[in-house]
Amino acid sequence: MSGLTLESISMRFDLPNGSHVQALKDVSLDLRSGEMLSVLGPSGCGKTTLLNIVAGFLAPTEGRMVLNGHDIAGPDAERGMVFQQGALFEWMSVRENVEFGPRMRGAPRADRRATADRLLESTGLKDFKDKAIYELSGGMQQRVALARCLANDPDVILMDEPLGALDALTREKMQGLVLRLWKETGKTIVLITHSVEEALLLGERLLVMAPRPGRIHREYRLPFAGMGVEQDLREVKKHPEFAERREEILSMIWDMEEEIMGHGEDAA
Amino acid sequence: MTDFLRGFRDQLAGLLAALGGELAEFGPTLVRAVPALAAYVLLILAIMVLWRAIARGLAPRRDLRSLKTVTFGDESAVRSSRAASVISVVVIFLVWGAFTGSALVPAFLHVPGPFTGEAAFTYTATAPDGRTDDAEVRIVVHPFGEDPQVPPVAPGAGFAKDDVFPVPALRNELVRVDLNDELGRDEGAAVTQVDGRAIAPGGEVLLDWGRVGMSPRGTLNVVPEPGWQMEAIWLPPPEDVWDRLVGIASDGYQNFTLLEHLGYSLFRVVVGFALGALVGIPLGYAMGLSDWFRGWFDPIVEFMRPVPPLALIPLVIIWAGIGEVGKIVLLFLAALWIMAIAARAGVSGVSIAKVHAAYSLGASKFQVLRHVIVPNSLPEIFTGARVAMGVCWGTVVAAELVAANQGAGKMIVTASKFQATDIVILGIVLIGIVGFAIDVLMRLAENALVPWKGRT
Ligand SMILES: Nc1ncnc2c1ncn2[C@@H]1O[C@H](COP(=O)(O)OP(=O)(O)OP(=O)(O)O)[C@@H](O)[C@H]1O
Ligand SMILES: [Mg+2]
């Protein structure tokens, strides 16, 4: 069977002082191949932990993960990552960064050249191939990160706040790019974000997580990602249902944050 | 136990008292330097005002800097003024030349030199019976090292006879004016006046060409005015140093050519540093990548790091003698810890996102090491290499001062034994130039090899 399945994933961090943090509790999830999932939640609810577990950087204390019929154990090129920033290799040119994955797996030079050229073209970086990373703007760097991930042709793309460090305008443009690449490549994508609008615009499905312990609080199925492929994103945002959902989720997260603050006061 | 403590307390009190005395002795010297420093600062400010006025008259500029209203504390607004650098160096040479009477500096800039030429004073001798008599003493002040012919003078009348003495400039000379007198010191007569002014043992009389003092035993001491210029033995003029450079460059010094002296020093530095890097970088990587190696070497590295390499010189000489081996071992040790710590910091400094990204792009452990961790550590390693090269250069010169057959340090320490100050200064300048050149080369290499340094 194809797709990504998480079965009752729990994660407990033991702290050096003897106590522990239940970062995730009983998280289960079924993701169809080609689905785009966005994940929202207050700070500290375990989003990054969940992504690191799926990527294979962390082993969950309980639970099991299956991708396309086999268990996940450790990082692998089938699951690509896009980080918020700072994960590009400054000692390589833009093109070398994009070619990195195929090169590590021993792809012939001509093939990886062609792949890199194609992806740099579709991310609008054709003229910056031979530039150094530190010569690019933040938005361009994130496009390189996207292209580098796609060059490996992973089954799943995991993104941890990939647009979080960008200014509002660049961010909007990048959201369009992510949607377009998703449509073109048909990849399964898990996108963590702090922006409710971004989560609504990009996710076919949207998970809202709650903290202490980190768990899935609600799940939505959304039409906006499909609409965004054809329409301008600004038009999508004007949709009455969009505004309604946004308010609903915002107040939900707001309440959770309030509760966290309350907890903090109780403890004090 | 209490005896031991009491003894220690007494030692400490004695030490503190002695150090206090040192400070008291040192203080006046510092105070005497204050006017010179103040004059230098005033000179800097005066030239600045002058230069700004000239520059403004020449080219009224309107770039971003001149438009900024906030420049104080804004680092981007403070760039090194090239004019100031050039003038600063020129001033150093001018001051050097002025205080050494250099031919390269126009004579009107020279500070007053020592008195030379003919001078004279009269002295009054008093006989035991109270009679007095005057006689004239001619003084021929000649440049040090010359031996002028002094024509004899007629003795003149009275029991005190006229004299003539040669006195070298910048020195003083005890003159027995009474030796030719009819009634001298041995007969109970004594000199009581110089140029009509009273003088007694321990006193002195100031004259316009110098001073005449009297020793406790009553001998006159002639001190011609030394002026403000430095003697070549303290500070030779720039042209002497240059002539020495030319001479040594072709004839060598102490059986070795100048190229050999500098070449040996550089050779030691390069070999010692290379060995230190060859061992230190893998050691640092091992410490950065394995907790066992980290734990094993942490105590060693953390202990050896604060030990100045210079403190190892005696031990290295005892163990390995004064040949090349000892020096290279010393420089190896100087570079080793610095390079190990730099490599360790380079490995530890890799952002986990980069490592994770590489793994999820399909890299193996070895590929992560080869393509992420090693290149990511290069900027740190280059910083370490620059520091290590600087330390090695300083250490090799110091080691050669202590014991060597040849080398830049050996050259200046030998020259100092022969009081060849020009060679000492030449050596110091060359050591500085080589050290500076090493740093410039390292920085060029760094810009070429790790251009991303400091830009992430
Ligand atoms: N290595 C770790 N050791 C101990 N506790 C950890 C570790 N990593 C995460 N945690 C804890 O697990 C919880 C979830 O952290 P996580 O980083 O997944 O949150 P997040 O939802 O990504 O937050 P943010 O939105 O701020 O990025 C937090 O309480 C955090 O303190
Ligand atoms: Mg996070």
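All values reported here derive from a predicted model rather than from experimental measurement. Only heavy atoms go into these numbers, but all of them, side chains included; no hydrogens, no water, no symmetry mates. Protein chains get the first letters and strands the later ones, always in sequence-line order, with residue 1 at the start of each.
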- Query: Do B:V372 and A:W91 have side-chain heavy atoms sitting under 4.5 Å apart?
  - Reply: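 Result yes, sub-4.5 Å side-chain heavy-atom pair found.
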- Query: Is any side-chain heavy atom of A:F83 closer than 4.5 Å to a side-chain heavy atom of B:H356?
  - Reply: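 Side-chain contact under 4.5 Å: yes.
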Just wondering, are more than 12 heavy atoms of other shown residues or ligands nearer than 6.0 Å to [atom1] in [X]?
X	atom1	value
B:F293	CZ	no
A:K131	NZ	no
A:R180	CZ	yes

- Heavy-atom pair with the smallest gap, counting every atom of A:N152 and B:L361: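 Closest approach of A:N152 to B:L361, heavy atoms only: ND2-O, 2.8 Å.
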- B:K354 to A:F89 - nearest heavy-atom pair and separation: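 Between these two residues, the closest heavy atoms are O-CE2, 3.7 Å.
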- Query: Is any residue of residues 108-126 of chain A within less than 4.5 Å of chain B by heavy atoms, and which ones?
  - Reply: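 Contacts with chain B: none.
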- Task: Tell me the residues of residues 98-106 of chain A whose non-hydrogen atoms fall below 4.5 Å from those of chain B, in number order.
- Result: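 Residues A:F100, A:G101, A:R103, A:M104, A:R105 are the ones that qualify, each having a heavy atom under 4.5 Å from chain B.
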- Message: Could you measure the distance from the OG atom of B:S351 to the CD atom of A:Q85? Nearest 0.5 Å is fine.
- Response: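 Output value for this atom pair is 10.0 Å.
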- Reported CG-to-OG distance for the pair A:L158 and B:S360, which is rounded to 0.5 angstrom: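 Here the rounded value is 8.0 Å.
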- Item | Option that, when pairs with chain A are counted at under 4.5 Å, heavy atom only, ranks first among B:N376, B:L378, B:I352 |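 Ranked by contacts with chain A, first place is B:N376.
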- Task: Would you mind telling me which of B:A357, B:P379, B:G362, B:P375 has the largest number of heavy-atom pairs within less than 4.5 Å of chain A?
- Result: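 Most heavy-atom pairs under 4.5 Å with chain A: B:P375.
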- Message: For A:L88, which atoms come within 4.5 Å of any heavy atom of chain B: side chain, backbone, both, or neither?
- Response: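 Interface part for A:L88: backbone (N, CA, C, O).
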- Message: At a 4.5 Å cut-off on heavy atoms, which part of A:D76 comes close to chain B: side chain, backbone, both, or neither?
- Response: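 Only the backbone of A:D76 comes within 4.5 Å of chain B.
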